[in-house]
Amino acid sequence: MINEIYSQNCKKMDTCVQLFQTNVSNIRTGRASPALLNNIFIEYFGVKTHLQKIANITVENSHTLKIHVFDNSITVLIRKAILNSNLGLNPIEHGQNILVPIPELTEDRRKNLIKMIRLDAEKSRVCIRNIRRNTNSKIKEFSKKEIISKDHEYIDQIKIQKITDEYIKKIDNILLKKEQEIMKF
């Protein structure tokens with residue numbers, strides 16, 4: 001029963017770390033990458049559809065993405081979705097394609113990106129701590145119901161804390177790598 005709690009705890013914490021990794025990978029660093037547009041959805045025939053399912057995204061050069069739209073009638077919708085995505089991108093319609101120039105990052109923009117990433121990292125840490133709190137409360141319930149002893153409760157809480165520390169360290173490592181990537185000139 002305790003092993004099941006450990007596995008559920010680790011799965012939830014893995015999800016927090018993966019979500020943080022995904023959010024961080026979408027933050028641009030001055031290089032064109034199709035991953036920049038991963039979180040863009042378009043209303044297509046009444047259904048929110050991922051941009052990559054209705055268009056082909058390629059790297060034109062190191063500072064330009066090229067989006068080849070499969071259905072020309074939604075080109076305007078795609079352009080509006082990119083403009084409204086808070087990525088700081090200004091797409092340009094070019095025939096059947098949309099070109100998305102990736103501007104160079106200024107020092108102020110880099111610092112703002114780092115602030116955003118740090119806030120996101122802190123939210124992920126809080127998420128992990130909340131998972132720890134919930135897991136510890138389950139362990140306390142088992143102790144109150146005398147399913148496990150007080151000694152086991154204490155030992156299990158120490159194990160949960162070690163697991164929590166490992167996941168927070170993973171988030172800190174992701175944060176550090178992204179900060180270094182952003183501050184490269």
Side-chain angles (χ1 to χ4, degrees), residues 11-131 167-185:
K11 284 179 187 176
K12 290 177 183 176
M13 288 184 180
D14 271 335
T15 304
C16 285
V17 171
Q18 289 172 357
L19 184 63
F20 177 65
Q21 177 70 50
T22 302
N23 290 344
V24 164
S25 68
N26 288 336
I27 294 177
R28 62 188 178 85
T29 58
R31 292 188 308 265
S33 169
L36 294 174
L37 304 177
N38 278 348
N39 290 337
I40 307 245
F41 291 88
I42 287 83
E43 190 77 24
Y44 188 59
F45 288 113
V47 178
K48 271 194 166 186
T49 308
H50 200 275
L51 176 61
Q52 293 176 335
K53 292 186 179 185
I54 56 175
N56 187 19
I57 305 169
T58 57
V59 178
E60 181 87 1
N61 58 43
S62 64
H63 295 289
T64 308
L65 288 174
K66 182 178 180 181
I67 303 171
H68 177 71
V69 183
F70 301 140
D71 182 3
N72 290 337
S73 65
I74 59 170
T75 304
V76 174
L77 294 174
I78 292 173
R79 188 173 179 279
K80 284 182 183 178
I82 294 170
L83 283 171
N84 295 333
S85 67
N86 292 331
L87 292 173
L89 301 175
N90 189 17
I92 303 164
E93 289 184 45
H94 189 263
Q96 287 185 306
N97 300 318
I98 299 174
L99 298 177
V100 184
I102 311 295
E104 287 292 323
L105 293 176
T106 63
E107 189 170 345
D108 288 339
R109 180 69 175 145
R110 290 174 196 268
K111 288 179 181 177
N112 287 339
L113 286 174
I114 288 175
K115 285 180 186 177
M116 287 173 33
I117 294 169
R118 287 181 180 166
L119 278 172
D120 199 17
E122 187 56 35
K123 287 178 186 175
S124 298
R125 288 185 202 109
V126 168
C127 175
I128 288 173
R129 291 182 193 122
N130 287 338
I131 293 167
Y167 280 97
I168 287 177
K169 191 173 183 177
K170 287 180 184 180
I171 286 179
D172 291 340
N173 289 336
I174 294 168
L175 174 65
L176 181 65
K177 286 179 185 175
K178 192 63 175 186
E179 283 180 352
Q180 290 171 349
E181 183 181 326
I182 288 175
M183 288 312 289
K184 280 184 184 177
F185 285 93

More than 12 heavy atoms of other groups within 6.0 Å of F70 CZ = yes

note = side chain to side chain contact (heavy atoms under 4.5 Å, CB included) filter on K53, not counting sequence neighbours, yields T49, H50

Point-to-point distance, once rounded to the nearest 0.5 Å, from [atom1] of [X] to [atom2] of [Y]:
X: H94; Y: I67; atom1: NE2; atom2: CD1; answer: 14.0 Å
X: K66; Y: N97; atom1: NZ; atom2: CG; answer: 4.5 Å
X: R125; Y: N130; atom1: CZ; atom2: CG; answer: 14.0 Å
X: L89; Y: L37; atom1: CG; atom2: CG; answer: 7.0 Å
X: I92; Y: R79; atom1: CD1; atom2: CZ; answer: 8.0 Å
X: K48; Y: I42; atom1: NZ; atom2: CD1; answer: 10.0 Å

Quick check: do [X] and [Y] have side-chain heavy atoms less than 4.5 Å from each other?
X: V59; Y: L65; value: yes
X: P101; Y: N90; value: no
X: I128; Y: V17; value: yes
X: R129; Y: I168; value: yes
X: E60; Y: V100; value: no
X: T75; Y: Q96; value: no
X: S124; Y: L19; value: no

ask   = Are the side chain of R110 and the backbone of I182 linked by a donor-acceptor contact shorter than 3.5 Å?
value = yes

Side-chain donor/acceptor of K178 to backbone N/O of V24, under 3.5 Å = yes

message = Under the rule for salt bridge (charged side-chain N to carboxylate O under 4.0 Å, His left out), what residues qualify as partners of D71, not counting sequence neighbours?
response = none

Identify each donor-acceptor pair in which a side-chain atom of residues 112-120 lies under 3.5 Å from a protein atom, sequence neighbours left out, and give them as a table.
unit_1 : atom_1 : unit_2 : atom_2 : d
R118   : NE     : E179   : OE2    : 2.5
R118   : NH2    : E179   : OE2    : 3.2
D120   : OD2    : N23    : ND2    : 3.3

Residues E107, K111; criterion salt bridge (charged side-chain N to carboxylate O under 4.0 Å, His left out); working and verdict = CA-CA 6 Å; E107 189 170 345; K111 288 179 181 177; 3.4 Å; yes

ask   = Minimum heavy-atom separation for I171 to F20, with atom names?
value = O-CE2, 3.7 Å

